[in-house]
Amino acid sequence: MRIITANLNGIRSAATKGFFTWLNRQRADVVCIQETKAQEWQLTDPVFHPAKFECHYHDAVKKGYSGTALFTRHTPQKIIHGLGIDWIDQEGRYLEAQFGNLSVISLYLPSGSSGEIRQEYKYRMMDAFLPHLQKLRAQNRSVVICGDWNIAHTEADIRNWRGNKKNSGFLPEERTWLSELFDKHGYCDAFRQLPQKEHEYTWWSQRGQARANNVGWRIDYQITSDDLAEQVQRTRVYRDKMFSDHAPLIIDYDFSIEP
DNA sequence: CGTAATACG
């Protein structure tokens with residue numbers, strides 16, 4: 001099966017640039033979207049509900065802000081909106097689809113780049129999310145968590161690591177949190193299961209010529225439970241001018257969703 | 001500076 005994750009930086013803007021035309025050609029089974037920046041009542045146009053998918057939206061309370069979506073070709077047994085934690089769910093950051101023993105999750109971890117208050121919020125969500133991830137493992141579920149984690153893990157995941165050691169998204173505490181997820185809690189970075197390509201980033205600053213020079217960060221991941229690690233068949237970062245600052249991440253797995 | 005509403009990334 002193929003899972004795509006994409007931070008769209010505004011789903012309405014993305015639609016006008018041809019995102020849905022592109023998507024309908026991708027043979028995706030599940031599509032996880034972040035930063036819809038819209039509420040569902042603003043998305044009545046059929047373009048936002050492509051026919052071959054079952055489409056779910058999880059909006060932020062604040063208009064034009066954040067928001068996740070999950071499109072699926074197969075009907076899930078259950079859709080879960082949010083973590084059950086109000087101050088997180090108000091920002092529309094977690095949307096889960098359950099297919100038997102498999103959970104596919106669209107996740108948008110906060111950015112901390114605007115200042116201390118949002119960095120603290122980011123840390124608080126990381127702290128609140130970890131027990132949830134442990135619970136999913138304790139239930140013996142297979143899990144694919146797709147989305148914008150707003151953290152570059154290692155020096156291989158960011159072009160200018162020296163210059164960003166004190167910047168949100170590459171702080172030691174954030175990187176350690178991801179390391180512990182991988183080393184202690186039974187999760188792995190699907191993209192890193194296959195032979196490494198260098199300088200494969202998913203996000204570029206809009207300042208200067210960052211995109212043109214590929215001075216980027218890998219902050220979008222599909223993080224799976226360890227049991228799915230050997231299922232990864234092919235990974236691809238899809239760079240196209242249609243996607244203004246984030247590139248979608250496409251991963252093919254060697255498992256299928258039970259009907 | 002883009003997206004979408006005057007903030008946020």
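In the text below, chain A, chain B and the rest are named by the order of the sequence lines, each starting its count at 1.
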According to a strict under-4.0 Å criterion, is A:S114 in side-chain N/O contact with OP1 or OP2 of B:dG9?
yes
Donor on one side chain, acceptor on other, A:E54 and A:H56, under 3.5 Å:
yes
Charged N to carboxylate O under 4.0 angstrom, A:D59 versus A:K37?
no
Tell me whether A:Q222 contacts the main-chain N or O of A:I3 through its side chain, where contact means a donor paired with an acceptor under 3.5 Å.
yes
Could you check whether A:S244 gets within reach of a base, just the sugar-phosphate, or nothing at all, counting any heavy atom under 4.0 Å?
nothing
Would you indicate whether A:K197, at its atom NZ, is surrounded by more than 12 heavy atoms from other residues, nucleotides or ligands within a distance under 6.0 Å?
yes
Touch check for A:I11, heavy atoms < 4.0 angstrom, all strands: base, sugar-phosphate only, or nothing?
sugar-phosphate
Calculate the interatomic distance between A:K122 atom NZ and B:dC8 atom C1'; express it in whole Å.
14 Å
Give each protein N/O atom lying under 3.5 Å from an N/O atom of nucleotides 5-7 of chain B, with the pair distance.
from, atom 1, to, atom 2, distance (Å)
B:dA5, OP1, A:G64, N, 3.1

Atom-to-atom span, CE of A:M242 to P of B:dG2 - whole angstrom:
18 Å
Quickly work out the A:W204 CH2 to B:dG2 C1' distance and round it to whole Å.
16 Å
Those residues of residues 166-176 of chain A lying under 4.0 Å from DNA chain B by at least one heavy atom
none
Validation: residues 241-248 of chain A side-chain donor-acceptor distances under 3.5 Å, sequence neighbours left out:
from, atom 1, to, atom 2, distance (Å)
A:H246, ND1, A:D220, OD1, 3.4
A:H246, ND1, A:D220, OD2, 2.9
A:H246, NE2, A:N7, ND2, 3.4

Separation of B:dG9 C1' from A:Y108 OH (nearest whole Å):
6 Å
Figure out the CZ/C1' separation between A:R211 and B:dG2, and round it to whole Å.
13 Å
Assess the side chains of A:S103 and A:R141: does a donor N or O sit below 3.5 Å from an acceptor N or O?
yes
Expressed as a whole number of angstroms, how long is the span from A:K241:NZ to B:dG2:P?
16 Å
When you group the ILVMFWY residues by side-chain heavy-atom contacts below 4.5 Å and let the links chain together, are A:I33 and A:I145 in the same group?
no
Quick check on DNA chain B: between A:R118 and A:S13, whose nearest nucleotide comes earlier from the 5' end?
A:S13
Could you check how far CZ of A:F19 sits from P of B:dG2, rounded to whole Å?
21 Å
Mind telling me whether A:W149 and A:W177 have parallel, tilted or perpendicular rings, with 30° and 60° as the class edges?
tilted
Nearest-Å distance, CG (A:D245) to P (B:dT3)?
9 Å
Using 30° and 60° as the class limits, which term best fits the ring planes of A:F129 and A:H132: parallel, tilted or perpendicular?
parallel
